[in-house]
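To start, the structure under review is shown below, and the notes come after it.
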Amino acid sequence: MKTNKNTVILALTSSAMALPAYSNNTISYRYSNYQEDDVPEGRVVTGSNKRYDIDIHQFRLLSELSDNYKFGLDIAQETLSGASPWYTSDPDNDGNPDLVMSSASIKDERTDVNISGTYINDKTNYTLTLGSSTEDDYQAQSAGIDIAKNFRNRTLDSINAGLSLSADTIDPTNSIFLNQDRLTEEAEKDSLSLYLGAGWIINKLSTIRSTLSYTKLEGYLTDPYKFLDRRPNIKTQWAWTVKYRYFLTKLSTALQTNYRYYTDDWGVDSHTLETSLYTNISESLKFIPSFRFYEQTAADFYRLPGNTDGIFYSDDSRLSNFYAFSGGLTIKVKTDSITYVISGERYVSDGNEHQGLVNYNTFTIGIDYSF
Amino acid sequence: MQNTILSLIIIIILGACTPVKPWQRGTLAKEEMSWSYDPLQDALKTHITFSKEGSSGGGGSAGGGCGCN
């Protein structure tokens, strides 16, 4: 008996020593290229018709330090070149405004770092996130708290809530392509964001989640590089999102649908509908086609040239009424510990005569490694 | 009107909920059923649409801004 007991203890001890120290980590990397279509040369009054070309590197580390603690690190680095619309003009008086572009190619770099720590207490996760974004003419410091409570045996699967704050500093670089007010010293912009959401399990094959968010921005909200821009210094916005997931068993495919309604006190209302089909071609090969539709109304103070009167004014295409379609494909190849990712997307916008509306392509390759 | 219709659809869907035991949630735990199957790609898409469209938010924590124009 004594010999058998010692053998069992020895076997258990040996097995315990052979187990790796508690860790469950994932490192991810993505390289992406973002390329905007050129503005038709006949629609540029002066300046370059070459729009933005951006290279983006993203790194992520997720680590389960223990049963109760997780750590996350996100780093994104962008390098940007290209010209930007400065203002619109209609020198031909034909009713179709053209663009006055920045002439020399803009070159800029941005680095964004976010660190998060999560404490897991039974069914509730508490996450603290700190972030910092730095570029030549803009700095943003942010902090956020997220709480997620999970219910394991109920149709109401989860409740999520969060608060985040951001303090931004704008300091336009030496450029002749500035706003007519020519911001000569640093300006600040602060934002507060709150959200509350809940998720439900509908049945063994489908779930739904709804989230309501509120954001208030205050400070210098005008674009310092848009010549005629004069925007309010306060903005309040609401967004309501609904996400639905349904698994098509016979096709081994998950239907993912997201909808967002957005409204703000500048007059912009928008609808966004996204759909993906996550298709399991095999255990290791995944095809994920996706489609997105977006439409928005114009801001109250948006106008094209000819009438720049009023306290507030903007001819920025991003505040115009327009719609956009995009379609893409993501392919994942999974092995035991590594996932390879490649994806591409085409985005096309239209809906008015503003030549500043963008069409662009994105291309991404990446890898996820779990250890 | 559109949001009213969507709200009614959601209420109907929730009314059809059936209890699911923890051991029956295997399909729901698959990556393809997650709210985000590629968080880095979603973060990039969110950043791009924030820069090129007039809307933002709705995806949880807002994070910091940028000088993207």
Side-chain angles (χ1 to χ4, degrees), chain A residues 28 30 32 34 56 58 60 84 110 129 131 133 135 137-138 140-142 144 146 152-153 155 162 164 166 168 170 191 193 195 200-205 207-211 213 215 223 225 237 239 241-243 245 247 254 260-262 268 270 278 294 296 299 318-319 330 341 343 358 364, chain B:
Chain A
S28 302
R30 300 282 186 275
S32 300
Y34 167 92
I56 307 107
Q58 295 172 282
R60 165 170 287 196
S84 175
R110 186 177 84 99
T129 304
S133 175
E135 52 195 293
D137 57 357
Y138 200 102
Q141 315 298 329
S142 64
D146 297 88
R152 297 199 183 100
N153 293 311
T155 299
S164 62
S166 180
D168 301 1
I170 306 150
S191 66
S193 182
Y195 76 88
W200 291 267
I201 292 178
I202 301 169
N203 53 42
K204 290 184 288 185
L205 301 176
T207 58
I208 192 168
R209 169 182 281 190
S210 182
T211 304
S213 70
T215 301
D223 191 322
Y225 298 108
Q237 58 190 57
T241 61
V242 178
K243 296 185 177 183
R245 303 289 181 263
F247 193 76
R260 180 186 70 187
Y261 171 69
Y262 167 97
V268 176
S270 74
Y278 191 121
Y294 175 84
Q296 72 172 47
R318 294 170 295 182
L319 294 178
T330 298
V341 180
S343 70
V358 293
T364 299
Chain B
M1 168 61 88
Q2 291 155 317
N3 290 329
T4 302
I5 294 173
L6 180 61
S7 301
L8 288 172
I9 292 173
I10 293 171
I11 291 170
I12 292 171
I13 290 173
L14 294 180
C17 290
T18 57
V20 178
K21 302 296 184 185
W23 56 86
Q24 296 175 314
R25 299 186 180 190
T27 297
L28 301 177
K30 293 173 180 285
E31 178 190 86
E32 52 264 45
M33 293 291 286
S34 65
W35 302 118
S36 174
Y37 60 80
D38 194 325
L40 282 179
Q41 190 164 309
D42 286 345
L44 178 61
K45 284 183 179 179
T46 298
H47 179 61
I48 291 173
T49 56
F50 167 80
S51 303
K52 300 301 169 184
E53 296 172 348
S55 313
S56 62
S61 285
C66 71
C68 314
N69 65 336

Query - Contacting region of A:I56 [heavy-atom separation from chain B under 4.5 Å] - result: side chain

Requested in this report: Please determine, among B:C17, B:P19, B:S55, the option with the most heavy-atom pairs under 4.5 Å with chain A.
Outcome: B:S55

Report summary line: A:S28 and B:L40 have their tightest heavy-atom pair at CB-CD1, 3.6 Å

Report summary line: Most heavy-atom pairs under 4.5 Å with chain A, out of B:T27, B:L28, B:V20, belong to B:L28

Report task. Report yes if the side chains of B:K52 and A:Y34 come closer than 4.5 Å at any heavy-atom pair, otherwise no. Result -> yes

Query raised in the report: In terms of heavy-atom proximity below 4.5 Å to chain A, should B:T49 be classed as side chain, backbone, both, or neither?
Result: side chain

Query raised in the report: At a heavy-atom separation under 4.5 Å, does A:S210 approach chain B through its side chain, its backbone, both, or neither?
Result: neither

Report summary line: In terms of heavy-atom pairs under 4.5 Å with chain A, the winner among B:R25, B:E32, B:Q24 is B:E32

Query raised in the report: Do you know which two heavy atoms are closest between A:I208 and B:W35, and how far apart they sit?
Result: C-CH2, 3.7 Å

Requested in this report: State, to 0.1 Å, how close B:G58 and A:S213 come at their nearest heavy-atom pair, and which atoms those are.
Outcome: N-OG, 3.3 Å

Requested in this report: Output the option from A:I201, A:I202, A:T241 having the highest count of non-hydrogen pairs under 4.5 Å with chain B.
Outcome: A:I202

**Report entry** Side chain, backbone, both or neither of A:R209 within contact of chain B (heavy atoms, under 4.5 Å)
**Finding:** both

**Report entry** Inter-residue atom distance B:L44.CG - A:R30.CZ, 0.5 Å rounding
**Finding:** 10.5 Å

**Report entry** Greater than 12 external heavy atoms within 6.0 Å of A:K204's NZ
**Finding:** no

Query raised in the report: So do A:Q58 and B:H47 actually touch side chain to side chain, heavy atoms under 4.5 Å?
Result: no

Query raised in the report: Where do B:M33 and A:R245 come nearest, in terms of heavy atoms and distance?
Result: O-CG, 3.6 Å

Query - Segment of A:D137 engaging chain B (4.5 angstrom heavy-atom cut-off) - result: neither

Query - Between B:Q41 and A:T364: side-chain donor-acceptor atoms closer than 3.5 Å - result: no

Query raised in the report: Which heavy-atom pair separates B:P39 from A:R60 by the least distance, and what is that distance?
Result: CB-NH1, 3.1 Å

Query raised in the report: At their closest point, which heavy atom of A:A239 faces which heavy atom of B:S56, and how far apart are they?
Result: CB-O, 4.2 Å

Report task. Output yes when a side-chain donor or acceptor of A:Q296 lies under 3.5 Å from a complementary backbone atom of B:G54, and no otherwise. Result -> yes

Query - Region of A:F247 that comes under 4.5 Å of a non-hydrogen atom in chain B - result: both

